[in-house]
Number of protein chains: 2
Amino acid sequence: MRAVFYIAHRTTDGSRVGIKEIAEQVDSPEHFLAKILQDLSRKGLIQSTKGPNGGFYIDDQSLKRPLADIIKALDGDDIFTGCGMGLSQCSEKNPCPLHKEFKKVRNQLSRMLLTTTIGQFNKDLLAGHLSLKKE
Amino acid sequence: MRAVFYIAHRTTDGSRVGIKEIAEQVDSPEHFLAKILQDLSRKGLIQSTKGPNGGFYIDDQSLKRPLADIIKALDGDDIFTGCGMGLSQCSEKNPCPLHKEFKKVRNQLSRMLLTTTIGQFNKDLLAGHLSLKKE
DNA sequence: TTAATAAAAGACTAAAATGTCTTTTATTGT
DNA sequence: ACAATAAAAGACATTTTAGTCTTTTATTAA
């Protein structure tokens, strides 16, 4: 689940990319990756077609999705809600000592992830020619 | 590992507290909690004595420790370092598109956790009379 | 110095996350 | 239609994390 941001944008260049190639470029086990991509595909975040010349790709619409969508799809949105200290009673009415501070941090993070689209992130990435391998 | 912030400060009131009482107040399985507390105790973040009238407590020194110390002790300091996107190449020289933004968020979080001591957090908590149970 | 108390330590089990393998289904070129 | 390609699906194995239980060790009070 972790190593996953990588993929979405490997396929951003219009053409379709087979999972073998992706897995290789990202060095993540092929089948494992497949499972995750299938999940993202089911959720409409990426697209895929079967058969020869098939593979994964991302259409223009999906390129406009914020990074936050990927995170939510993969990890749920716990990151965006809830008390940072894990205190369930913590709320606006009854805030824990760090409630306000945490909120600031969280909001900043959310804003960042919501305003950055997949396409954008990718463009910038390519500009800096970063590889996406693990190490 | 998650439900743990709770404890440290349950014992902030000077006297020693048995694990059974803590476990109950925090509703976390006793033995599991014990393991964690032992860990924290070994690392010097909390104190304990055996025998009758023994239990866990926190001395004045430890009360002055920042919350960040607990997090580091329990989860390691991954939160405080590394690229938010999980890109290993990401660095000052070769920053990923969100590097700067992430850094800001991370720094804010660090500052917060470093400047808030256990004692302080606890005092504020008690003032707001929050319970520490899970729900 | 012994009995009771309470944490420390370690072996063990269960659950969840991660990763692998096999079969099925859809697509396309021949 | 058929063979080849590639993702989808799902069964299975491994590893990590969480949680339980039992035994040991230290402390204290009688």
Side-chain angles (χ1 to χ4, degrees), chain A residues 1-8 10-11 14-59 62 70-76 78-79 86 133-135, chain B residues 1-8 10-11 14-59 62 70-79 86 133-134:
Chain A
M1 199 156 256
R2 324 160 266 195
V4 180
F5 267 103
Y6 309 121
I7 314 105
R10 250 290 327 187
T11 60
S15 63
R16 293 160 200 190
V17 187
I19 193 164
K20 262 170 283 167
E21 191 184 328
I22 302 174
E24 203 181 293
Q25 291 299 318
V26 145
D27 62 26
S28 172
E30 181 182 332
H31 293 291
F32 182 52
L33 225 183
K35 226 196 297 195
I36 297 165
L37 292 189
Q38 278 161 29
D39 189 33
L40 289 177
S41 168
R42 253 178 270 119
K43 287 174 181 164
L45 272 161
I46 63 175
Q47 287 69 46
S48 69
T49 47
K50 293 180 177 181
N53 235 302
F56 294 93
Y57 62 100
I58 299 191
D59 63 21
S62 302
I70 307 181
I71 297 180
K72 276 185 205 161
L74 295 175
D75 298 331
D78 298 2
I79 316 169
K133 302 221 177 187
K134 269 197 187 165
E135 30 195 326
Chain B
M1 199 157 257
R2 324 159 265 198
V4 178
F5 268 103
Y6 309 120
I7 316 105
R10 251 288 327 186
T11 59
S15 63
R16 294 160 199 191
V17 188
I19 193 164
K20 260 168 285 168
E21 190 184 329
I22 302 174
E24 202 180 294
Q25 291 300 318
V26 145
D27 62 27
S28 171
E30 181 184 331
H31 292 291
F32 181 53
L33 226 183
K35 226 197 297 197
I36 296 166
L37 292 189
Q38 280 160 28
D39 190 33
L40 290 176
S41 169
R42 254 179 270 119
K43 287 177 181 162
L45 273 161
I46 62 176
Q47 287 69 46
S48 68
T49 46
K50 294 178 176 181
N53 235 303
F56 294 92
Y57 62 102
I58 300 193
D59 63 22
S62 301
I70 307 181
I71 297 180
K72 277 184 204 163
L74 296 176
D75 297 333
D77 50 7
D78 298 3
I79 316 169
K133 302 221 177 188
K134 272 198 185 163

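Within every chain, numbering begins at 1; the chains are lettered A, B, ... in the order of the sequence lines, protein sequences first and strands thereafter.
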Separation of [X] atom [atom1] from [N] atom [atom2], in whole Å?
| X | N | atom1 | atom2 | answer |
| --- | --- | --- | --- | --- |
| B:Phe32 | C:dA15 | CZ | C1' | 12 Å |
| A:Asp39 | C:dA17 | CG | C1' | 14 Å |
| A:Leu74 | C:dT18 | CG | P | 11 Å |

Partners of [X] by side-chain contact (heavy atoms from CB on, under 4.5 Å), sequence neighbours excluded?
| X | result |
| --- | --- |
| A:Lys43 | A:Asp39, A:Ala73 |
| B:Asn53 | none |
| A:Lys50 | none |

Can you give me the N/O atom pairs linking the protein to nucleotides 5-8 of chain D at distances under 3.5 Å, or say none if there are none?
unit_1: D:dA6; atom_1: O4'; unit_2: A:Gly51; atom_2: O; d: 3.2
unit_1: D:dA7; atom_1: OP1; unit_2: A:Ile19; atom_2: N; d: 3.0
unit_1: D:dA7; atom_1: O3'; unit_2: A:Ser48; atom_2: OG; d: 3.3
unit_1: D:dA8; atom_1: OP1; unit_2: A:Ser48; atom_2: OG; d: 2.8
unit_1: D:dA8; atom_1: N7; unit_2: A:Gln38; atom_2: NE2; d: 3.4

Residues that B:Thr49 engages under side chain to side chain donor-acceptor pair (under 3.5 Å), provided they are two or more places apart: B:Arg16

The side chain to side chain donor-acceptor pair (under 3.5 Å) partners of A:Ser62 (sequence neighbours excluded) come to A:Gln47, A:Asp59

Any heavy-atom pair between the side chains of [Y] and [X] that's under 4.5 Å?
| X | Y | answer |
| --- | --- | --- |
| B:Ile71 | B:Asp77 | no |
| B:Gln38 | B:Arg42 | yes |
| A:Ile19 | A:Phe56 | yes |

Quantified as the angle between the terminal helix axes (five pairs each), what is the overall bend of the helix from C:dT1-D:dA30 to C:dT30-D:dA1 to 10 degrees? 10°

What does the B/S/- profile of nucleotides 12-17 of chain D look like, 5' to 3', with a 4.0 Å heavy-atom cutoff to protein? ------

A:Glu21 meets the salt bridge (Lys or Arg N to Asp or Glu O under 4.0 Å) criterion, sequence neighbours left out, with A:Arg10

Between atom OH of B:Tyr57 and atom OG of B:Ser15, what is the distance when rounded to the nearest 0.5 Å? 11.5 Å

